[in-house]
Amino acid sequence: MKTETIKYLYSDYQFEITIDEKGCCFCPVCGIKTENENWRPYDENGLPTYDICECGFEYGFDDSGVPPYEKSWDRYRKSWLNEELEFGDSKTKSLEKKIEQLKNIGIFI
Ligand SMILES: [Zn+2]
């Protein structure tokens, strides 16, 4: 598991995104792998892309667009795991699959 550090433009805050050998990154919320090695959920300045993941998380909306982002990721991930979300794959993906997917980003449940 490799990580990439992204520094936020407006403060000292920085955060990590998990990437694979080819540079494709994983959603920091649900751990699904993206196929485009150039895509990141946040740009090089740490600002959100407003893209929406399969899990339903919108970078820039569900995290309020304000760091630290980790708290929002954690909060959203809990709801996603508990099938509490009406959008994304919260209710359609099995718990086993979700747990397996989260291992991509180093989360073991
Ligand atoms: Zn996701």
Side-chain angles (χ1 to χ4, degrees):
M1 198 176 83
K2 272 171 54 174
T3 58
E4 189 174 282
T5 302
I6 301 178
K7 286 173 67 77
Y8 186 61
L9 181 62
Y10 302 114
S11 72
D12 291 336
Y13 171 71
Q14 57 183 45
F15 58 101
E16 310 233 303
I17 294 289
T18 306
I19 57 172
D20 74 359
E21 319 76 49
K22 287 193 296 190
C24 293
C25 79
F26 298 89
C27 170
V29 179
C30 72
I32 198 157
K33 190 176 130 181
T34 58
E35 298 304 327
N36 178 353
E37 69 268 20
N38 296 315
W39 183 84
R40 295 291 180 270
Y42 300 87
D43 69 15
E44 66 276 12
N45 293 316
L47 303 174
T49 56
Y50 291 90
D51 285 335
I52 302 174
C53 180
E54 271 181 45
C55 66
F57 191 91
E58 182 177 344
Y59 312 101
F61 176 75
D62 289 300
D63 53 20
S64 318
V66 181
Y69 300 124
E70 289 89 343
K71 277 185 195 161
S72 309
W73 299 343
D74 290 347
R75 193 178 53 235
Y76 190 97
R77 188 182 306 115
K78 279 197 189 93
S79 305
W80 176 71
L81 277 168
N82 295 329
E83 298 184 17
E84 289 166 5
L85 305 170
E86 297 301 328
F87 38 83
D89 61 10
S90 177
K91 289 185 193 294
T92 54
K93 186 168 274 179
S94 72
L95 184 61
E96 292 73 26
K97 261 204 136 146
K98 289 175 180 171
I99 288 173
E100 194 57 38
Q101 205 172 288
L102 285 173
K103 291 178 185 167
N104 292 338
I105 50 172
I107 295 173
F108 296 87
I109 298 169

(message) Tell me whether Arg77 is salt-bridged to Asp74, with the criterion being a basic N under 4.0 Å from an acidic carboxylate O.
(response) yes
(request) Apply side chain to side chain donor-acceptor pair (under 3.5 Å) to Thr3 and list each qualifying residue two or more places apart in sequence or on a separate chain. (result) Glu16
(request) Apply side chain to side chain donor-acceptor pair (under 3.5 Å) to Glu100 and list each qualifying residue two or more places apart in sequence or on a separate chain. (result) Lys103
(message) Could you check whether any side-chain N or O of Tyr13 sits under 3.5 Å from a backbone N or O of Tyr69, counting only pairs where one atom can act as donor and the other as acceptor?
(response) yes
(message) Looking at every non-hydrogen atom in both residues, tell me the closest pair between Asn104 and Gly31 and how far apart they are.
(response) ND2-O, 2.8 Å
(message) Nearest 0.5 Å, please: how far is CH2 in Trp39 from OG1 in Thr49?
(response) 5.5 Å
Donor-acceptor contacts under 3.5 Å from residues 21-29 side chains, at least two apart:
none

(request) Of all the heavy-atom pairs spanning Tyr42 and Pro48, show the shortest one and how long it is. (result) CD2-CA, 3.5 Å
(message) Just to verify, what does Glu4 make a side chain to side chain donor-acceptor pair (under 3.5 Å) with, not counting sequence neighbours?
(response) Arg40
(request) Check the hydrophobic clustering (I, L, V, M, F, W, Y; side-chain heavy atoms under 4.5 Å; chains of links allowed) and say if Phe87 and Leu95 are grouped together. (result) yes
Side chains of residues 55-62: which donor-acceptor partners sit under 3.5 Å, not counting sequence neighbours?
| from | atom 1 | to | atom 2 | distance (Å) |
| --- | --- | --- | --- | --- |
| Asp62 | OD2 | Glu58 | N | 2.7 |

(message) Could you check whether any side-chain N or O of Asn82 sits under 3.5 Å from a backbone N or O of Glu84, counting only pairs where one atom can act as donor and the other as acceptor?
(response) no
(request) State which residues pass side chain to side chain donor-acceptor pair (under 3.5 Å) with Asp89; sequence neighbours excluded, sorted by chain then number. (result) Trp80, Lys93
(message) Are more than 12 heavy atoms, taken from residues, nucleotides or ligands other than Lys91, located less than 6.0 Å from that residue's NZ atom?
(response) yes
(request) Decide yes or no for Trp73 and Ile105: does some side-chain heavy atom of the first lie under 4.5 Å from some side-chain heavy atom of the second? (result) no
